[in-house]
Structures are given as C-alpha cells and as structure tokens.
Amino acid sequence: MKALKNLSIAIASTGCFVLATATQAGAVSLTYNTSIGRPADLTLGEIPGMPGTLAVPQGITKQSETGNIFISAGRGADRVDVFDSYGNYIKGIGSTGSGAGQFKEPSTLEFSPKTGNLYVGDVNNNRVNVFDSQGNYLNSIGQGQFGGLKEGRLFFGPSGVTFDKDNNLYVGDFSNDRIIKFNPNGDIIGSIGSSGTGAGQLQGPAGVRISSNTGNIYVADQFNNRVQVLDPEGKPLLTFGKLGAEPGEFNQPIGIEVDENDNIYVADSINSRVQVFDKNGNFLTAYGQPAVNASGQIVPPPALDGPPYGNPLDLEPGKFNWTGGTSLKDGKLYVGDFFQGRVQVLDINNTHSTRIPEAGSVLGLAVLGAFAAASKLKRNLVSPALNKTILK
C-alpha cells in the first residue's frame with residue numbers, strides 16, 4: 001500500500017474519524033439525522049408490533065410521491081408499517097397468514113420506479129407480494145422459487161429486491177445462492193450466480209442493487225463476507241472485503257446501496273456499522289458503533305425464542321445492535337437498527353473538491369462482532385490494505 005501523503009484528520013460522524021490523503025476525489029461522510037419507529041416497552045406490557053413500534057426491520061424504502069417511509073415489520077407483526085417523513089405512524093399493510101396480501105415474515109421491499117407498485121418479500125410463504133401505491137394487494141410472484149432455511153444460516157427466503165431500467169425485477173434467493181430475474185409480468189427470465197466462494201458465486205446474497213449509471217449489479221455476499229459487482233449479464237467485475245472488523249472488512253454484510261456517483265454503502269451487520277466505498281471498492285468512511293451496556297460491554301443479539309430486542313437497549317444516535325435493511329433516498333441513508341426496533345436516518349454529505357479525502361477513512365472504534373459473544377472494542381486508528389480483486 002502506498003505511503004500516505006498530506007495527511008488530514010477530520011471528524012466525519014459520531015464515533016468515527018477520517019484519516020485521508022488530499023487528492024482530487026469525492027468525500028463522503030454520514031451524520032445522524034433522526035430515528036423512525038421505536039422498540040416496544042416490554043416493562044409496560046407493550047408487544048412488539050404495536051403501531052409505531054418495530055421489530056427486526058429487514059426492509060426499508062421511501063415512496064417518492066408521498067415521502068412516506070415503508071418498513072417491513074417481522075417477528076409476528078407480519079406487515080409493512082408506513083410512517084410519514086417526520087416519523088409519525090400512519091398505517092400497516094398486510095396481516096399474518098398465507099392468503100392474498102398476508103405475510104409470514106415480510107423481508108425486503110421496494111417500489112417499482114415505472115409503475116409505483118410495492119414489491120415485498122414474504123419469507124415463510126416463499127413468494128413476493130405486490131401491492132399498488134396505496135397498499136392494495138395485486139398479486140404474488142415467484143411462489144415456491146425461494147429456498148428454505150439452510151443449516152448454519154439465520155435467515156432465508158427473498159432477500160434483496162431491485163429493478164433495472166427496463167423494470168425487470170431482481171430478487172435475492174438467499175438460501176439458493178442466486179439472484180432471480182423476473183420480467184414486468186412476474187415471469188422468471190433468468191438467474192445470476194451459483195453457490196460457492198469464487199468470483200460470481202454467492203453464499204447468501206442479502207442486499208442487491210443496480211447502478212442507474214452502468215446497470216451493474218451490486219451484491220452484499222453475506223457469508224462470503226464481501227461485496228461483489230457484476231455486469232448486467234452477471235459477469236463478475238469486482239470483489240472486495242473479507243471477514244474481520246477493520247476498515248474494509250465485514251462480518252456478514254446485509255444491506256447495500258449505490259448512489260449517483262456509484263459510491264457503495266454497506267450495512268456491516270454484526271460489526272454494527274455502515275461502511276462506504278468508492279466505485280472501485282476503496283474504503284471512504286464508516287459510521288456506527290455497537291450497543292453497549294452500563295459496563296461498556298457489547299450487547300449481544302437476543303435469543304431466537306425471546307423478545308426481538310437486545311438487553312439492554314442502547315438508543316444513543318449511532319449505536320446499533322446489528323445493522324440490517326437499508327435504503328438510500330434523496331440524500332439520506334435509512335439503516336435498520338436490527339435488534340433495537342428502530343430505523344436510524346443518516347444524512348449523506350457528498351462533496352467534491354481539489355483537496356479532499358480519497359480513501360483510507362478509519363473507524364475510531366473497530367468492532368469484532370459475533371452472534372453469541374462480544375469482544376473488546378479496539379481503540380487504535382489503523383489504515384490496512386483492502387482485500388480487493390478487480391476482474392477483467
């Protein structure tokens with residue numbers, strides 16, 4: 001890795017520092033704006049899923065026409081909750097069941113940019129439910145095409161949902177390690193990827209997004225602990241990341257977003273942070289720290305058979321108990337605080353100058369994430385080389 005020159009240090013966000021070289025490039029930083037939703041107060045007898053409360057927000061999107069925020073509510077709520085742009089609860093869409101418009105664990109969701117229809121992954125019913133812009137059920141697609149729970153994995157079913165410029169739908173098939181492509185009529189017209197660790201292969205494709213500039217496909221390859229960039233035909237172009245907690249490393253990335261400059265935003269779930277990269281996979285910055293208890297120890301995720309919240313909750317801005325679903329709309333990044341029952345809204349500060357950071361942002365507190373056990377926070381500034389491969 002080249003020696004750093006003209007070093008500059010600036011505070012990018014709560015708990016994060018930027019160590020960077022001054023070059024001609026774009027700088028990205030994330031700052032906390034607000035939160036949407038809240039965990040149920042179990043001490044008052046509230047139940048997760050009560051209007052205004054959230055549990056494991058796996059999918060988030062914003063409706064362009066209204067500015068309303070739509071969030072998948074799991075763990076028994078089995079609906080899509082709708083909030084206005086100020087975070088006020090409006091209504092729920094769907095209910096528990098297998099009938100028309102019902103859910104058994106809704107997951108990822110997104111609006112079609114052409115029709116305005118809402119597409120929602122329905123995990124245990126093994127399908128994608130489609131609603132009009134008002135939340136009226138239209139139909140379901142992909143029944144029986146998504147794999148069930150696979151040994152060693154916590155999640156399954158439809159994962160990422162996104163659209164290309166022709167309104168074709170791409171849905172991550174998490175357990176079958178592929179991305180299914182549907183035409184606008186809901187017919188399967190292809191698939192991308194296969195199970196494995198090689199370039200173009202996947203192990204748990206979680207988030208899926210398509211660049212509006214190039215049509216390239218961006219995938220959070222969860223159990224390979226990396227991001228893959230594929231061309232529109234599925235040919236691998238770039239892969240970066242490996243297991244770890246240093247900048248540029250991942251511990252089960254889930255959500256992924258791409259902005260107008262093809263910067264890449266990744267919800268690094270177990271590390272409880274969001275990392276940002278430029279279009280070539282160079283690390284730019286990170287935001288977020290793990291929730292901690294009064295003794296400063298990392299709060300572990302909850303047991304699967306109990307309430308869907310970590311204990312205790314740490315609801316300071318920028319504290320997460322896993323980062324989950326994401327959405328990037330109108331200069332804001334919406335990040336699911338997976339086991340704390342809320343969505344944190346971050347402002348994206350994306351600037352261009354002749355002397356700004358190019359890469360090498362460093363997290364002030366690096367985290368070693370684990371599902372059942374927490375490790376100590378590291379407090380050293382580091383600038384490691386990234387595990388990055390460009391494929392031609």
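Owing to the predicted nature of the structure, the values given are computational and were not obtained by experimental measurement.
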| Of all residues at least two apart in sequence or in a different chain, which pass the salt bridge (Lys or Arg N to Asp or Glu O under 4.0 Å) check with D166? | none
| said: My understanding is that only residues two or more places apart in sequence, or in another chain, count here; which of them pass salt bridge (Lys or Arg N to Asp or Glu O under 4.0 Å) with D177? | reply: K150, R153
Could you tell me if [Y] and [X] have a donor-acceptor pair between their side chains, going purely by distance under 3.5 Å?
X	Y	result
N117	D132	no
D259	Y265	yes
N224	T197	no
Q228	Q201	no
S112	N167	yes

How would you list, by chain and number, every residue that makes a side-chain hydrogen bond (donor to acceptor under 3.5 Å, both in side chains) with [X], sequence neighbours excluded?
X	value
R209	E110, E257
Q102	S95
D262	S211, N213

| query | Among pairs that include at least one residue of residues 197-226, which meet ring-ring contact (aromatic ring centres under 6.0 Å, His included), considering only residues two or more places apart or in two chains? | reply | F174-F223
Mind checking what makes ring pair (Phe, Tyr, Trp, His ring centres under 6.0 Å) contact with [X], not counting sequence neighbours?
X	value
F182	none
F103	F131
Y119	F163
F70	F111

| field | Atom CD1 of I47: over 12 foreign heavy atoms under 6.0 Å | value | no
| query | What residues form a side chain to side chain contact (heavy atoms under 4.5 Å, CB included) with Q344, not counting sequence neighbours? | reply | Y32, S35, F320, D337, R342
| message | If hydrophobic clusters are built from ILVMFWY residues whose side chains come within less than 4.5 Å, do Y89 and Y86 share one? | response | no
All N/O donor-acceptor pairs, side-chain side in residues 306-318, below 3.5 Å, sequence neighbours left out:
from	atom 1	to	atom 2	distance (Å)
Y309	OH	A40	N	2.9
Y309	OH	L54	O	2.8
D314	OD2	V292	N	3.0
D314	OD2	K319	NZ	3.2

| task | Kindly compute the distance separating CG (N349) from OG1 (T285), expressed to the nearest 0.5 Å. | result | 10.0 Å
